[in-house]
Amino acid sequence: MWAASTLVFVLLRLAPGDPYAMRFEGLPLPRATIEARRAQRGLDDPMPVQYARWLGNIVRGELGWSEQHQRPVRDVIADLLPRTALLMGLALVTSLSLGMWLGAWQGTRAGSFGDQVATTSTLVLYSLPEFWLALLLLQLFVQTLGWLPATGMVSAMHEILPFGERVRDRLEHLVLPWLALSLVGVSVFARFQRSSMRDAWREPFVRTARAKGVAERGVRWHAWRTALAPVIALAGLTLPALVGGAVFVERIFAWPGMGNATVSAVNARDYDLVTAAVLLSSAVTVFGSLLADLVQRMVDPRVGS
Amino acid sequence: MTAQTTSVAPLLDVRNLTKHFPVRAGWFRAPTQVIRAVDGVSFTVADGETLALVGESGSGKTTAGRAILRLIEPTSGQVHFGGRDVRALNAASLRALRREMQIVFQDPYGSLNPRLTVGAAIREGLLVHQLAEGAAAEQRVRALLDEVGLRAEYATRYPHEFSGGQRQRIGIARALAVEPRFIVCDEPVSALDVSVQAQVVNLLRDLQRDRGLAYLFIAHDLAVVAHMADRVAVMYLGRIVELAPRAALFATPRMPYTQALLSAVPVPEPGRVRRRILLAGDPPSPANPPSGCVFHPRCSHPDRDAMCANVIPALEEKAPAHWVACHKVPAAAPPSLPSTLA
Amino acid sequence: MTSPLLSVHDLRVSFFTEAGPARAVDGVSFTVHAGETVALVGESGCGKTLTALSLLRLMPTGARLAPTSRVEFDGADILTMPERALRSLRGDRIAMIFQEPMTALNPVLTVGDQVAEVVRVHTALSGRDAWTRAVDMLALVGIPDAAARAQQYPHELSGGMRQRVMIAMALILEPALVIADEPTTALDVTIQAQILELLRAMRERSGMALLLITHDLGVVAEMASRVLVMYAGEVVEESPVELLFSAPGHPYTEGLLAAVPTLDTSRERLRTIPGTVPPPTDWPAGCRFRERCAHAWDRCASDAPPLVQLGPAHRVRCHLVQEPERRRT
Amino acid sequence: MSARRRTLVPLLALACFVVLALGAPWLAPAPPNAIPADGLIQSLPPTVEHPFGTDPLGRDVLSRMLHGARVSLSVAFLSVALASLVGTTYGAAAGWIGGRVDALCMRLLDVALAVPRLLVLLLMSALWGTLPLHTLVLLLGLTGWYDVARLVRSDVRGLRERDFVLAARATGVREARILWRHVVPHVWPTLVVTATLGVANTIALEAGLSFLGLGVQPPDASWGTILRDGQLPGGARWWLTVFPGAALVLAVLTCNALGDALRESFAPRQVAA
């Protein structure tokens with residue numbers, strides 16, 4: 001985590017000029033004013049001092065001021081994060097469970113007709129960029145068929161709807177972003193689970209289980225248990241990609257979450273908010289891979305010993 | 001303290017060879033433990049002689065073989081080959097020395113680069129030591145293939161087209177290409193079927209006779225060793241526990257471990273009643289070897305005592321040319337234990 | 001003679017490979033009586049492991065059994081019985097021990113679990129009782145501190161201990177027949193001695209029959225009462241063990257015995273069998289050993305020799321049986 | 001489908017893409033940025049004259065797509081080439097040297113992997129303002145080599161212990177020659193497969209960035225910018241979503257299928273080796 005934030009700091013310094021010079025470039029402001037702002041934000045201090053302050057601020061949770069929202073970055077994030085977490089969490093659970101189920105099914109009958117159909121389907125799904133899938137879903141279900149409400153998290157009249165309708169309204173807004181994120185995720189996990197299950201299926205211990213008189217269901221369970229660890233490791237490594245996918249999907253469905261706000265912040269040069277978003281996503285990634293590591297150790301005693 | 005058998009300087013002289021592998025763990029790979037794979041091993045190999053290094057897995061025999069060639073850098077000890085201090089050589093002189101010291105590996109599938117033709121693999125040594133080039137090199141490759149009993153036109157084929165026995169012949173041809181005086185044979189026949197194994201054993205012996213080669217023959221199969229070796233060194237947990245001429249070792253093994261090892265070998269003679277010494281449990285881990293005599297926790301010698309548990313026995317000449325590391329074997333006397341094979 | 005426990009008749013298993021069809025097991029017939037130890041010997045590629053696997057219909061995918069093949073166990077044909085009946089036989093009446101206990105055991109389950117699973121699958125015992133039985137069995141096969149070891153995973157045990165776990169798993173329900181496929185090949189010689197001793201003791205204790213698949217003639221001599229020698233997918237000799245070693249009938253058996261290095265030979269050349277075992281896609285016509293045989297004559301190339309009864313329980317697949325004068329010395 | 005055909009079909013498809021991209025100036029009915037002379041500046045659905053329709057500035061979509069292919073493909077190929085170069089060097093060095101150097105290299109890689117790639121790119125474009133094309137290639141390349149490094153490193157580490165490498169060393173072969181003759185040829189399959197899958201990934205990523213307005217900048221055409229034009233206010237224009245999107249998916253699919261097929265075709269040899 002510390003290393004990741006250092007990396008972000010280095011990345012910030014790598015860019016030409018500095019964010020303040022850029023932000024006020026071309027604006028009819030006196031040079032002195034800009035210099036004053038720079039000094040005020042400590043950008044004139046030597047690099048190590050800046051670095052120490054940067055690190056200190058992060059540790060204290062001081063993420064800066066969002067020029068775009070005119071609020072502290074911390075507050076902006078507190079509002080946005082739960083919405084993104086909802087979307088990503090749902091998508092992750094769906095893709096993991098469905099993908100693992102499909103992949104495990106394929107792995108035990110590798111080469112069969114059903115497996116080939118599934119392999120081709122997941123390959124195509126895997127090749128669909130999330131943002132285009134999202135655009136397509138939007139075009140089809142909203143603009144052409146008109147089955148689902150356009151974008152956002154709730155409709156304009158949400159507050160005055162009765163309770164049942166409100167739930168329905170929320171679900172209707174959720175379904176497309178969830179679908180766009182999950183479909184691609186399913187293909188990722190299915191592809192991986194297939195190959196790890198196929199490998200496990202060829203291991204001699206599968207034959208041992210059969211020789212013991214274990215029924216096919218139990219034999220599949222034997223194989224699946226050993227094929228689990230690599231998939232969990234992958235799930236940890238996939239988080240950055242999922243974050244990336246969420247950015248596009250939120251953007252297209254105008255889902256008011258972190259991803260959407262990050263892109264807006266980039267366009268508005270809201271520099272503190274972008275930095276915070278990068279830091280936050282790194283934190284999620286690090287946490288995710290630590291968690292994956294932990295679960296992996298739980299399901300496979302060989303890992304780490 | 002060396003097991004010197006000849007008065008002339010031996011071809012290979014290994015003294016107190018030690019290789020400890022650090023076990024690294026954690027983020028920055030700090031060593032947390034030491035595996036004492038080879039722990040103070042001394043022996044000599046004379047010109048044209050075969051010394052067999054036998055032991056079970058984990059005894060350190062393979063590591064010893066590789067450390068001598070500096071394929072693994074030894075932790076300490078001296079290795080002299082043909083009078084030169086192998087450990088003191090710089091990279092260039094070491095490469096030059098490798099013309100004289102070669103190795104044949106156990107796994108006939110892993111020891112040949114699958115992307116090189118057989119000819120290219122054999123030729124590589126000729127090229128790096130500038131022994132032959134072009135048509136001359138081609139000629140040498142064909143002659144080498146012929147010498148190991150393969151057809152010369154195999155030179156253009158790839159390793160996967162050959163059986164295990166044939167690959168092992170290719171590996172031998174590759175080692176012979178640079179005309180070495182000494183070859184470390186690291187379990188060269190363990191992976192082969194019985195009938196093929198016999199072919200390769202005979203080939204190795206023919207080559208030794210024709211070329212005056214010296215072998216360090218690493219093996220776990222005592223029966224093969226009985227057909228290959230002039231002298232035999234038995235390793236257990238990184239140490240040599242017994243070293244003797246072949247006939248003496250097989251007829252009158254003295255160290256209790258050697259006796260147990262010999263008695264464990266299944267003999268293809270049904271109905272023959274033998275006194276079998278069954279060792280209890282598994283060999284201890286080389287990361288945590290027992291104090292004193294490394295064998296003492298499994299030893300069944302009737303006089304086993306505190307000395308065995310606390311004092312490391314030296315490898316001593318208990319009978320002419322018969323070296324034993326055991327407190328309980330009396331020096332220069334008839335064997336204290338009844339021979340298992342008598 | 002009582003009816004045999006296991007009777008294999010004309011077992012044929014084939015594959016389709018890139019190089020054409022491979023008749024990996026080609027007309028193997030033999031019997032195993034209750035309490036008997038029979039060894040199946042041969043070099044790699046002779047079809048002995050595939051024969052063993054076929055007895056429980058555990059062949060790898062792609063292997064085909066000929067419709068005429070029969071494997072009768074206690075009167076029932078294993079090759080045609082429904083999957084359910086077969087499952088209740090496996091592990092309970094017929095058990096298997098595999099060569100490499102590292103890969104043959106499931107790496108992510110405790111060894112106690114894997115032994116107890118056999119009990120749970122075949123009996124009505126609860127999980128706890130099955131576990132207790134598993135721990136008792138692990139202790140019986142000589143695993144020290146079995147209750148603690150049962151909680152460990154295969155990679156935490158040594159090779160010898162793992163093979164003891166395999167044996168515990170195979171023997172826990174006291175099967176009538178145990179098929180052991182190279183049970184000691186992956187082990188060191190002193191550990192091999194322990195495992196062979198254990199198998200002998202267990203056999204005496206339970207009276208099980210043992211079909212021992214091995215390439216090691218020393219192991220055969222120590223363990224078996226009857227021997228089947230396989231070469232190129234066929235049984236070439238069947239013989240009581242003493243007779244096999246004292247008077248081998250088939251040139252291949254003879255060659256094999258001569259090629260085995262022994263401890264007390266003085267340093268003379270080993271005898272060898274020239275050439276190698278042909279691949280199963282390319283068995284020679286006539287006698288399959290002909291190309292490596294010192295005695296072969298034209299009849300060997302044209303007629304495939306039948307398995308001829310030579311004496312009581314001694315059968316040999318060689319034309320020399322009928323024309324012993326052809327033998328070259 | 002046989003293994004051979006599974007490789008050949010996507011390979012031919014990829015070749016088609018390359019030919020279309022290279023031939024864009026001759027194949028395209030109109031220059032990519034030409035606004036119609038008759039002043040008809042509006043987005044029209046497909047007609048015979050404009051088979052894929054026109055964009056909000058009245059430009060011919062087919063022509064823009066053909067020229068966009070040049071940009072999309074060259075950005076992807078160049079940045080993957082850069083990533084492969086950096087990743088192979090880094091991974092091979094870490095794997096071959098081993099020990100503490102290797103451990104340190106891998107920890108650094110973990111750190112780099114912790115920051116999601118897309119967000120690094122977002123941050124950079126926020127700081128740069130707009131990214132010139134060569135900077136985009138550079139950034140995509142410099143953020144895309146982690147996988148290559150990891151895989152090459154694990155391959156090299158495995159190879160380092162192989163008997164045939166030891167045999168070469170025992171013969172007296174120099175380390176450089178061992179690397180070149182005995183290690184590099186075995187890393188090739190990994191590299192080719194990862195690079196192919198990397199191209200697929202990068203094509204999609206560049207399109208995504210351009211779609212967000214942060215990648216290729218107007219008026220230059222790339223598949224992503226055309227898609228972005230389709231989202232401009234003024235009603236649904238399906239032809240601006242479907243056609244460039246289909247091209248994008250086809251290109252990504254082709255590379256993924258090729259990568260999968262190559263991996264399968266390399267696998268048996270690796271097993272045999």
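Quick note: numbers below take in every heavy atom, side chains included, and nothing from hydrogens, waters or symmetry partners. Chain A is the first sequence line, chain B the second, and so forth, proteins listed ahead of strands; every chain is numbered from 1.
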The salt bridge (charged side-chain N to carboxylate O under 4.0 Å, His left out) partners of A/Asp199 (sequence neighbours excluded) come to none

(Q) With a 4.5 Å cut-off on side-chain heavy atoms, are D/Pro116 and A/Thr285 touching? (A) yes

Contact list (residues 246-257 of chain D to chain A, heavy-atom gap under 4.5 Å, by number) returns D/Ala246, D/Leu248, D/Val249, D/Val252, D/Leu253, D/Asn256, D/Ala257

Ordered numerically, the heavy-atom neighbours of chain A under 4.5 Å found in residues 201-209 of chain D are D/Ala204, D/Ala207, D/Gly208, D/Leu209

OG1 (D/Thr241) and CG (A/Leu140) are apart, to the nearest 0.5 Å, by 11.5 Å

One option among A/Leu135, A/Thr120, A/Leu136, A/Asn267 has the most heavy-atom pairs under 4.5 Å with chain D, and it is A/Leu135

**OP:** Go through A/Val243 and D/Leu118 one step at a time and tell me if the side chain to side chain contact (heavy atoms under 4.5 Å, CB included) criterion holds.
**Re:** CA-CA 8 Å; A/Val243 170; D/Leu118 183 69; over 6 Å; no

Residue pairs meeting salt bridge (charged side-chain N to carboxylate O under 4.0 Å, His left out), one or both in residues 111-135 of chain A, sequence neighbours left out, come to A/Asp115-A/Arg194

When the 4.5 angstrom heavy-atom criterion is applied to A/Thr262 and chain D, the contacting part is side chain

Cut-off 4.5 Å, heavy atoms of chain D, and the answer for A/Ile252 is side chain

Answer key: most heavy-atom pairs under 4.5 Å with chain D among A/Thr119, A/Leu133, A/Val274 is A/Val274

**Asked** Can you find a pair of side-chain heavy atoms, one from D/Asp260 and one from A/Arg191, that are under 4.5 Å apart?
**Response** yes

Rounded to the nearest 0.5 angstrom, the CZ-OG distance for D/Arg117 and A/Ser281 is 14.5 Å

